[in-house]
> 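Handing you a structure now.
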Amino acid sequence: AKIRAKVKDPEKARKLMPTQMYARRPLCDAGYYEQFNRSNVEVVSLHDTPIDEITPAGIRTSDGTEHKLDMIIFATGFDAVDGNYTRIAIKGRNGVTLKDHWAPTGPTSYLGVTVPSFPNMFMILGPNGPFSNIPPAIETHVEFISDIVQAAEQKGADGTEKIPVIEAKPQAEEYWTHECDVVSRQSLFRRTDSWIFGANVPGKKKTIMFYFGGLADYRAKLRSVAKNSWEGFNIE
């Protein structure tokens, strides 16, 4: 209704209004919709008329219309959460890459921070971390990683120069993946296709990639892990 109130042309408003369940990241509007009231701004719905081809003059859609353009800006989405990790040949034990480790099921982790068979590798905002504002989530991960590294160094302070090894247990990764899956079932996010579950990348497995229990609950779980002698980790 708010889009319809701002966009005066009924057809433009129709094309701009979402039809799926409201389970995507909300658009923060600071004059965005008002731009469609300008006479030189049109709306082309790719749901109605998908792109057929790029032509020398612009873009031709499935209805045969050639939209003549001076410039095309490609804003086609992004490979969220795990894309940056799988594009690097990160290798763990036995030479297995992180990409291969995640291939059967999609990206997984323990607490969004570590992955079994990849000792001493820590991720900031890794898969199945908290779905929250980014800055406090980063701060939470940095604090946790700093604390567990400090604990490992204190445990190994025996006068040698041995570097401590911190590694998540496979069963801990399985537990956390299941926990994230169960919590996500209570959310509307699960009921529509979006980047939040990897649906925006052709061929990518659609899987849970966040913990939807909230940052406060997530931080409480991290405190519990630390209190219980870093439950779920092998520290040597």
Side-chain angles (χ1 to χ4, degrees), residues 1-88 98-99 102-108 125-134 137 180-181 183-212:
K2 291 184 178 180
I3 295 175
R4 190 182 293 115
K6 290 184 177 183
V7 180
K8 306 308 179 185
D9 185 313
E11 183 61 10
K12 286 183 180 180
R14 181 192 69 80
K15 292 177 180 179
L16 290 168
M17 291 170 61
T19 56
Q20 290 184 313
M21 191 175 295
Y22 189 68
R24 296 173 183 266
R25 178 176 288 177
L27 175 65
C28 296
D29 179 23
Y32 171 77
Y33 286 107
E34 284 82 354
Q35 303 309 308
F36 294 97
N37 291 325
R38 292 162 49 183
S39 60
N40 64 330
V41 175
E42 296 294 333
V43 181
V44 178
S45 171
L46 299 185
H47 292 289
D48 297 341
T49 55
I51 293 174
D52 269 356
E53 62 176 333
I54 305 296
T55 68
I59 295 176
R60 180 177 289 109
T61 48
S62 61
D63 60 352
T65 302
E66 184 177 36
H67 304 272
K68 295 183 179 181
L69 306 169
D70 294 323
M71 181 183 299
I72 300 173
I73 299 174
F74 289 91
T76 55
F78 55 104
D79 193 356
V81 181
D82 61 316
N84 289 335
Y85 292 106
T86 58
R87 283 171 170 77
I88 303 173
L98 195 56
K99 183 177 182 179
W102 285 341
T105 60
T108 54
L125 305 179
N128 289 340
F131 190 76
S132 69
N133 288 335
I134 297 298
C180 292
D181 180 61
V183 173
S184 76
R185 294 175 195 171
Q186 305 171 39
S187 169
L188 290 178
F189 285 110
R190 184 107 175 207
R191 302 191 181 190
T192 189
D193 290 336
S194 76
W195 65 270
I196 295 172
F197 289 86
N200 65 315
V201 179
K204 185 173 181 176
K205 289 184 180 296
K206 295 182 181 180
T207 185
I208 175 66
M209 294 200 292
F210 290 96
Y211 174 70
F212 285 96

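Since we're looking at a predicted model, the values are computed, not measured.
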> Is a side-chain N or O of Thr49 found less than 3.5 angstrom from the main chain of Leu46, in a donor-acceptor match?
no

> Tell me whether Lys12 contacts the main-chain N or O of Val7 through its side chain, where contact means a donor paired with an acceptor under 3.5 Å.
no

> Could you give the distance from CZ (Phe197) to CZ (Arg191), rounded to the nearest 0.5 Å?
11.5 Å

> What's the separation between atom CZ in Phe189 and atom CD1 in Ile196, rounded to the nearest 0.5 Å?
4.5 Å

> I'd like a table of donor-acceptor pairs (distance under 3.5 Å, sequence neighbours excluded) in which one partner is a side-chain atom from residues 64-75, with atom names and distances.
{"from": "Thr65", "atom 1": "OG1", "to": "Asp63", "atom 2": "OD1", "distance (Å)": "3.3"}
{"from": "Thr65", "atom 1": "OG1", "to": "Asp63", "atom 2": "OD2", "distance (Å)": "3.3"}
{"from": "Glu66", "atom 1": "OE2", "to": "Thr55", "atom 2": "OG1", "distance (Å)": "2.6"}
{"from": "His67", "atom 1": "NE2", "to": "Thr61", "atom 2": "OG1", "distance (Å)": "3.2"}

> When you measure from the side chain of Arg190 to the backbone of Asp181, do you find a donor-acceptor pair of N or O atoms at a distance under 3.5 Å?
yes

> Locate the shortest heavy-atom distance separating Pro104 from Lys205; write the atom from each residue and the value.
O-CE, 3.2 Å

> Surrounding CG of Asn84 (heavy atoms of other residues, nucleotides or ligands, distance under 6.0 Å), is the total greater than 12?
no

> Could you tell me which non-hydrogen atom of Thr86 sits nearest to which non-hydrogen atom of Trp102, and how far apart they are?
CG2-CE3, 3.7 Å

> Measure the acute angle between the ring planes of Phe210 and Trp195, then classify it against the limits of 30° and 60° as parallel, tilted or perpendicular.
perpendicular

> State which residues pass side-chain contact (heavy atoms from CB on, under 4.5 Å) with Asp52; sequence neighbours excluded, sorted by chain then number.
Ser62

> Which distance, rounded to the nearest 0.5 Å, do you find between the OH of Tyr32 and the CD1 of Ile3?
9.0 Å

